[in-house]
Amino acid sequence: MRLSQYPINTAKETPAEAEVLSHQLMLRAGLIRREAAGLYSWLPMGLRTLRKAETIIREEMDRAGALEVIMPVFQPAELWQESGRWTEYGPELLRFKDRHERDFVAGPTHEEVITDIVRRDIKSYRQLPVNFYQVQTKFRDEIRPRFGVMRAREFIMKDAYSFHVDAASLQQGYRAMYDAYTRIFTRMGLDFRAVRADSGPIGGDVSQEFHVLAASGEDAIVFSDEDGYAANLEAAEALPPMEPRPAPRETMTRVPTPGARTIVELSRMLEVEPSRCVKTLLVEGSEEDVVALVVRGDHELNAVKAQRLPGVANPLRMAGAERIARATGAQAGYIGPVGLRGRVYVDHSALALADFICGANEKDMHLTGVNWDRDVGAVTAADIRNVREGDPSPSGRGHLRMARGIEVGHIFQLGSKYSRPLKAAVLDESGKEVTLLMGCYGIGVTRVVAAAIEQNHDERGIIWPEPLAPFQVVLVPLNLQKSARVREVADRLYNELSAQGIEVLYDDRDARPGVKFADAELLGIPHRLVVGDRGLEAGRLEYRYRRDSENTEFAAGEAIDFIKARMR
RNA sequence: CGGGGCAUGGCGCAGUUUGGUAGCGCAUCUGCUUUGGGAGCAGAGGGUCGCCGGUUCGAGUCCGGCUGCCCCGACCA
């Protein structure tokens, strides 16, 4: 591609609207343009990368035996009413009426449609298992679209759905997708990790996320330093402490703590470690008014774990001041488990404390020397905290380390969540009707592109992993307009490289060298070839890999072999 | 949705305090010079100052309302 005929517009200045790096670079490099909040156009340079990602995904999905389809973006409300999600999904589901006043949705995902197809077309166990996938535009009316293409309202997703007669087949299909995803992200040259995810109401170990590791990632992920255990922080299990709880030594004492409403203030005032305190959080209950959740002062509550507990409202809601006053007679900051009525869940680590400090359920008062069995009524032990770096791994081997990740893929074993309400069933070998089991598997294609940039950039711009780069080679002739020799060599190189099937971006613009270098680096093209009079005097060309800071010179006649050797 | 902020050529901003008919840098176009790290000079084009209403002889500026966008918290690929 001759850059003189490719209308790119790079910008030196960062648009004010862009907060995260990938968004800034995508705008500056002219890969995307914003039309409205969370709605983006993909310009030619950006689309090339998007297509590369799609191609890798298609090849690996096909290789795994999945079959490509395209389903409608807009879907009839009836299907969503049938699955129950018309009422469950909430305002993120964009709904609208057509001219006949019929209800439709803009599809945020396609379980209903694919299940409708399968229930009509798949009648026999002989046709199973089957896996359908598509690369399609999705629409989710996000409360707050942000980070450019990373959390857009309209985005491109590869979604796949597998159908099975039994659990063993589902597990096999799921495993095949796990392997396909691993190949996909490996081929893309991304540093990623598959982690256990919160499996939601389905339960069991049936959901994993694929995260691209990047310091700017929105999700915290944890992994063992000794084995393959990895999980989303939300889903990472915290093991109960090994040591038995010490025997009580102190007597319970009321101490005035005026103004100490937080653990930090409390521990400072009493000159004790936060880990000697417990904090008691009141959340709304599903049956009772409030439920108490107790964690150690230096620990954080894990909302996903907590909202799964019996009696706790899901989603988790912190109790308001009024409910707190009604339940304890005190206010937030001075709540404690002593004398508390109703359901109390205590995190294992908090339960391992003796002689601890907690709120006295009285303004400006705390209790010291508190002990569970002696001073507190019946409580339930539970895992309700976030794990921390250094905690023992739930796998039993090693300790946990933490990293930030960007979720680019998610695989689920759904079971019969959709097939049951939509009545998708086949006849098995014995002629008996069985409800299908289903798996679903998503990759955020547009998000992968942004994540690749988050993970691979420097102060000069993008550093594309080679498999995703819009062009493989950027050819930079210097003084092209004046030097016949440079033009002759550069034109020939462009033609020869192109003839070899190499994607070359030929910067034949009448621009100064600095402009061309800066753009080549901003665009992140992996291999740069420079043709200049200075080098040609000695019969040499210059090469630089985007990640390197030094040039390599080589004989002009060996250009094709030289480049091909570096492209592997 | 709650809280905070912004809205002025394509982009980044000043001008608003104290009302007087819109300016700077980048980008774009033309010419000349320049050509190994975002050039110089000369010239040019481009803005109903987010929208509606009000105050005023006069509003980018003051007042009222609306809209859009960005940032911080609960959802997701």
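Below, chains carry the letters A, B, ... as their sequence lines are ordered, and counting in each starts from 1. Here the structure is a predicted model, which is why all the values come from computation and not from measurement. Values below: all heavy atoms of this structure, side chains included; hydrogens, waters and symmetry mates excluded.
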Inset, instruction - When you get a sec, tell me which of B/rU35, B/rA27, B/rC76 is the closest nucleotide to the side chain of A/Pro513? - result: B/rU35
Inset, instruction - Can you figure out which of B/rG36, B/rA77, B/rG38 approaches the side chain of A/Thr446 most closely? - result: B/rA77
Inset, instruction - Consider only side-chain N and O atoms of A/Asn551 and A/Arg544, and report whether a donor and an acceptor are under 3.5 Å apart. - result: yes
Inset, instruction - Would you mind reading off the distance between A/Glu111 atom CD and B/rC76 atom C1', rounded to a whole angstrom? - result: 13 Å
Inset, instruction - Quick one: label A/Arg544 by what it contacts on the DNA or RNA (base, sugar-phosphate, nothing), any heavy atom closer than 4.0 Å. - result: base
Legend entry - Complementary nucleotide of B/rC62, counting Watson-Crick and G-U pairs under 3.5 Å: B/rG54
Inset, instruction - Verify the ring-centre separation between A/Phe210 and A/Tyr441: is it less than 6.0 angstrom? - result: no
Inset, instruction - Check every strand shown and say whether A/Ala152 touches a base, only sugar-phosphate, or nothing at a heavy-atom separation below 4.0 Å. - result: base
Inset, instruction - Check every strand shown and say whether A/Glu209 touches a base, only sugar-phosphate, or nothing at a heavy-atom separation below 4.0 Å. - result: nothing
Legend entry - Output field: ring centroids A/Tyr161/A/Phe132 closer than 6.0 Å: no
Inset, instruction - Ignoring backbone atoms, test whether A/Arg512 places a side-chain nitrogen or oxygen under 4.0 Å from the OP1 or OP2 oxygen of B/rA39. - result: yes
Legend entry - A/Arg140, nearest nucleotide to its side chain (from B/rG36, B/rU35, B/rC76): B/rC76
Legend entry - Distance flag, aromatic centroids of A/Tyr40 and A/His23, threshold under 6.0 Å: yes
Inset, instruction - State which of B/rG38, B/rC75, B/rA77 makes the closest approach to the side chain of A/Val515. - result: B/rG38
Legend entry - Which nucleotide in B/rG37, B/rA77, B/rG36 has an atom nearest any side-chain atom of A/Val530: B/rG36
Legend entry - B/rG9 - base-pair partner by Watson-Crick or wobble geometry, distances under 3.5 Å: none
Legend entry - Rounded distance [0.5 Å steps], CZ in A/Arg48 versus CG in A/Leu43: 14.0 Å
Legend entry - Interatomic distance at C1', B/rG38 relative to B/rC26, whole Å: 11 Å
Legend entry - Interatomic distance where NE2 belongs to A/His23 and C1' belongs to B/rC11 [whole Å]: 14 Å
Inset, instruction - Take atom C1' in B/rG15 and the same atom in B/rC52, then report the distance between them in whole Å. - result: 24 Å
Inset, instruction - Select one nucleotide: of B/rU35, B/rG38, B/rC26, the one nearest the side-chain heavy atoms of A/Glu13. - result: B/rC26
Legend entry - Rounded distance in Å - CG (A/Leu480) to P (B/rU35): 15 Å
Inset, instruction - Could you give the distance separating B/rG43 and B/rG60 at their C1' atoms, to the nearest angstrom? - result: 29 Å
Legend entry - Pi stacking test for A/Phe517 and B/rG38: under 5.5 Å apart, planes under 30°: no
Legend entry - Separation of the C1' atoms in B/rG4 and B/rG9, to the nearest angstrom: 29 Å
Inset, instruction - Report the distance from atom CG of A/Asp507 to atom P of B/rG36, rounded to the nearest whole Å. - result: 15 Å
Inset, instruction - Please state how far atom CG in A/Asp219 lies from atom P in B/rC75, giving the value in whole angstrom units. - result: 11 Å
Inset, instruction - Name the nucleic acid region contacted by A/Gly532, choosing base, sugar-phosphate or nothing; use a 4.0 angstrom heavy-atom cut-off, strictly under. - result: base
Inset, instruction - Using a 4.0 Å heavy-atom cut-off across all strands, classify A/Asp141 as base, sugar-phosphate, or nothing. - result: nothing
Inset, instruction - Measure from CD on A/Glu35 to P on B/rG68 and round the result to the nearest Å. - result: 17 Å
Inset, instruction - Using a heavy-atom cut-off of under 4.0 Å over every strand shown, decide if A/Gln481 touches base, sugar-phosphate, or nothing. - result: nothing
Inset, instruction - Measure centre to centre between the rings of A/Phe96 and A/Phe74, then say whether the value is under 6.0 Å. - result: yes
Inset, instruction - With the side chain of A/Pro15 defined as its heavy atoms from C-beta on, choose the nearest nucleotide among B/rA27, B/rG12, B/rG36. - result: B/rG12
Inset, instruction - Check whether the side chains of A/Asp491 and A/Tyr506 place a donor and an acceptor atom closer than 3.5 Å, and report yes or no. - result: yes
Inset, instruction - Using atom NZ of A/Lys482 as one end and atom C1' of B/rG36 as the other, report the distance to the nearest whole Å. - result: 15 Å
Legend entry - Opposite nucleotide pairing with B/rG2, Watson-Crick or G-U, both atom distances under 3.5 Å: B/rC72
Inset, instruction - Would you kindly compare A/Thr10 and A/Gln307 by the position of their nearest RNA chain B nucleotide and give the one closer to the 5′ end? - result: A/Thr10
Legend entry - Pair A/Glu454-A/His457, side-chain donor/acceptor within less than 3.5 Å: no
Legend entry - Separation of the P atoms in B/rC11 and B/rC69, to the nearest angstrom: 15 Å
Inset, instruction - Check every atom of B/rC11, B/rA77, B/rG73 against the side chain of A/Arg146 and return the nucleotide holding the closest atom. - result: B/rG73
Inset, instruction - Using Watson-Crick or G-U wobble geometry with both distances below 3.5 Å, tell me the partner of B/rC29, or none. - result: B/rG43
Legend entry - Same-atom distance (C1') from B/rU8 to B/rA22, integer angstrom: 9 Å
Legend entry - Atom C1', compared across B/rC49 and B/rA39: separation rounded to whole Å: 33 Å
Inset, instruction - Report yes or no: is there a donor-acceptor pair, N or O only, under 3.5 Å between the side chain of A/Arg528 and the base of B/rG37? - result: yes
Inset, instruction - Tell me what A/Arg153 touches on the nucleic acid: a base, only sugar-phosphate, or nothing, going by heavy atoms under 4.0 Å. - result: nothing
Inset, instruction - Describe the nucleic acid contact of A/Gly444 in one word from base, sugar-phosphate, nothing, applying a heavy-atom distance below 4.0 Å. - result: base
Inset, instruction - State whether the distance check finds a donor on one side and an acceptor on the other, under 3.5 Å, for side chain A/Arg447 versus base B/rC76. - result: yes
Inset, instruction - Could you work out the separation of B/rC76 and B/rU17 based on their C1' atoms and round it to a whole Å? - result: 46 Å
Inset, instruction - For A/Asp159, answer base if it contacts any base atom (sugar-phosphate contacts may also be present), sugar-phosphate if it contacts only those atoms, and nothing otherwise; contact means non-hydrogen atoms under 4.0 Å. - result: nothing
Inset, instruction - State the pairing partner of B/rA22; accept Watson-Crick or G-U wobble contacts with both distances under 3.5 Å, and report none otherwise. - result: none
Legend entry - Interatomic distance where CG belongs to A/Leu233 and P belongs to B/rC75 [whole Å]: 13 Å
Inset, instruction - Scan A/Asn232 against the nucleic acid and name what it touches under 4.0 Å (heavy atoms): base, sugar-phosphate only, or nothing. - result: nothing
Inset, instruction - State whether a side-chain donor-acceptor pair under 3.5 Å links A/Gln136 with A/Asp159. - result: no
Inset, instruction - Record whether the side chain of A/Asp533 comes under 3.5 Å of the base of B/rG36 through a donor-acceptor pair of N or O atoms. - result: no
Inset, instruction - Indicate whether the side chain of A/Arg528 and that of A/Tyr545 have a donor and an acceptor atom separated by less than 3.5 Å. - result: no
Inset, instruction - For A/Arg151, answer base if it contacts any base atom (sugar-phosphate contacts may also be present), sugar-phosphate if it contacts only those atoms, and nothing otherwise; contact means non-hydrogen atoms under 4.0 Å. - result: base
Legend entry - Along RNA chain B (nearest heavy atom to each residue), the more 5'-positioned of A/Gly38 and A/Val149: A/Gly38
